[in-house]
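Okay, so here's the structure we're looking at.
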Amino acid sequence: MQTKRWTMAFSPLDSGLTGPLFTTAAMRDVFEDRAYVAAMLQVEAALAQAEAEHGLAPAGLAEAIRSIDPGSLDIAQLGQGTALAGVAVVPFVKAMQGRLPPALESAFHRGATTQDIADTALVLQLRAALDLIADDLAAVMDGLARLAAAHRDTPCAGRTYGQHAAPVTFGFKAAVWLVGLADLADALPGLRERALVASLGGPVGTLAGLGSAGPAVLEAYAGTLGLAAPPLAWHTRRAGMAEAGAWLARLAGALGKMAGDVAFLCSTEVGEVSEPHVPGRGGSSAMPHKRNPVSSTVILAAAQAALGPASALTAAMVAAQERSAGAWHAEWHAIPTLCGLVAGALAEARCLAEGLVVHPARMQVVLDMTGGLLFADQAAAILAPRCGRAAAHALVEAAAGMVRDRGGTLLDALADRPDLPAGVDRAVLAAAFDPTPAVAAAATFVDRALVSAGRSRSSLS
């Protein structure tokens, strides 16, 4: 009897079931096995070319390496070799040596160590991942900029501690999300400089096997790959990878801020926005009426799940001597996971930024539901010159308590108080309940945010 073979995905990003929910096909392709093999081939070809330029390798070696199709290598066989050797580079080098002519094979991989190839291949994958992320981040920022501009003057409730605080505009909320992402866009060029660095140091980082040509070969090798050349090997200097992880986690967090706000605003009792609806999306197996905020949910999950891999990259900075056991190997889990999570979060954020349905009429209903309590600060500001700041605050606080206990409006509760300062009547107090100043103040900062974020957005092009 034939036994059915089951496969297990150890990460939701790798799963055929959950992968399409949590990440993108494009990002999965970046970290797919064949892509890693292709990256190792690219690295070895760059090394061969750099060494040939300094008389350390045959002129035809680089071209011979480039002529090998990554798809021609047996991934399963390489995997078995990796389980034995502890790193994929070892079986990869053996497989390559079997494919190269004898006249070229002896110079293959000269002076390098396994970590040089593994690190640089991972950096090439990280570069491709950051390119995808930058494109999606730019699209999300563009969508949020349009959303902020469109609702620059749309009044809505500002909330602190989950409660009504004072009026803002929905454009202001969107601008907050936008500038949060702009902060990360500003940091990306510097991250690229520090993290996209070639690795070439040989067994202990000195490139002694290349003699006096070592530094020149390193420069040529890095230049061929379009990467920065380090002053010396970063085998045990992992700050670049840790910074990449922190940046990715911060980006997930900034997206999570937006998603958390949207999920709250989508709730039944609030109903100020809706996620863009696609038939079947956000449904429930038990409740046919449900339209759950799937985009927000995926983004929030990514923000939570990113914390572990990012901390693992920071922990990997504690590396022993000239090569560590286990620390840099952990990066092979962390970097693809973080890039996958962020890619999925950005895809969902783009859906929100470009398709969020805003309900201004509902926002007005919500503004009105507390009987003007959102204008308490403005009311206290009108009273303060007449009775002092502390007395004004106490008077408005007492009136607000009456509204909460008995209903009605804050304007009525204040106008009926016998302890109003002389010269203050309903007409004077009514000015405090005009939303125009609050809207104008929020709109001013929307304009500032759009200008600032536009400058940040240009760094992503």
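These values consider heavy atoms only, across backbone and side chains, with no hydrogens, waters or symmetry-generated copies.
- Using modelled atom types, one side-chain atom of T23 and one backbone atom of G340 make a donor-acceptor pair closer than 3.5 Å.
- Of the inter-residue distances, the one linking D29 atom CG with Q125 atom CD reads 11.5 Å to the nearest 0.5 angstrom.
- Between E44 and F92, the closest side-chain pair of non-hydrogen atoms falls below 4.5 Å.
- Under the 3.5 Å distance criterion, with hydrogens and angles disregarded, a donor-acceptor pair is assigned to the side chains of D186 and S456.
- Other residues, nucleotides and ligands contribute at most 12 non-hydrogen atoms within 6.0 Å of the CZ atom of R389.
- Side-chain atoms of L420 and L395, non-hydrogen and from C-beta on, do get closer than 4.5 Å to each other.
- A donor-acceptor pair under 3.5 Å is absent between the side-chain atoms of R362 and the main chain of V273, judged by distance alone.
- Annotation: side chain of F375 is not in contact with side chain of D434 (no heavy-atom distance under 4.5 Å).
- The nearest pair of heavy atoms linking A46 to Y221 is C-CD1, 3.9 Å.
- The structure places OG of S267 at 7.5 Å from CG of L265, a figure rounded to the nearest 0.5 Å.
- Under the 4.0 Å criterion applied to side-chain N and carboxylate O atoms, D142 and R350 are not assigned as salt-bridge partners.
- The 12-atom threshold is not exceeded at CZ of F445, counting heavy atoms of other residues, nucleotides or ligands nearer than 6.0 Å.
- Taking every heavy atom of both residues into account, A198 and W234 meet most closely at O-NE1, 2.9 Å.
- In the model, S296 has a side-chain atom that pairs as donor or acceptor with a side-chain atom of E275 under 3.5 Å.
- You'll find the side chain of H235 reaches within 4.5 Å of the side chain of D116, heavy atoms only.
- Side-chain atoms of T337 come within 3.5 Å of backbone atoms of H333 as a donor-acceptor pair (strictly under, hydrogens ignored).
- The backbone N or O of L122 lies less than 3.5 Å from no partner atom in the side chain of Y36, so there is not a single donor-acceptor pair.
- With hydrogens and angles disregarded, no donor-acceptor distance shorter than 3.5 Å links the side chain of R417 to the backbone of A398.
- The aromatic rings of W328 and W332 stand perpendicular to each other, their planes meeting at an angle above 60°, with 30° marking the opposite boundary.
- Here the side chain of S199 pairs no donor or acceptor atom with the backbone of T120 at under 3.5 angstrom.
- A salt bridge between R28 and D14 is absent, with no side-chain N of the basic residue lying under 4.0 Å from a carboxylate O of the acidic one.
- The closest donor-acceptor contact from the side chain of E219 to the backbone of A229 lies at 3.5 Å or more, if one exists at all.
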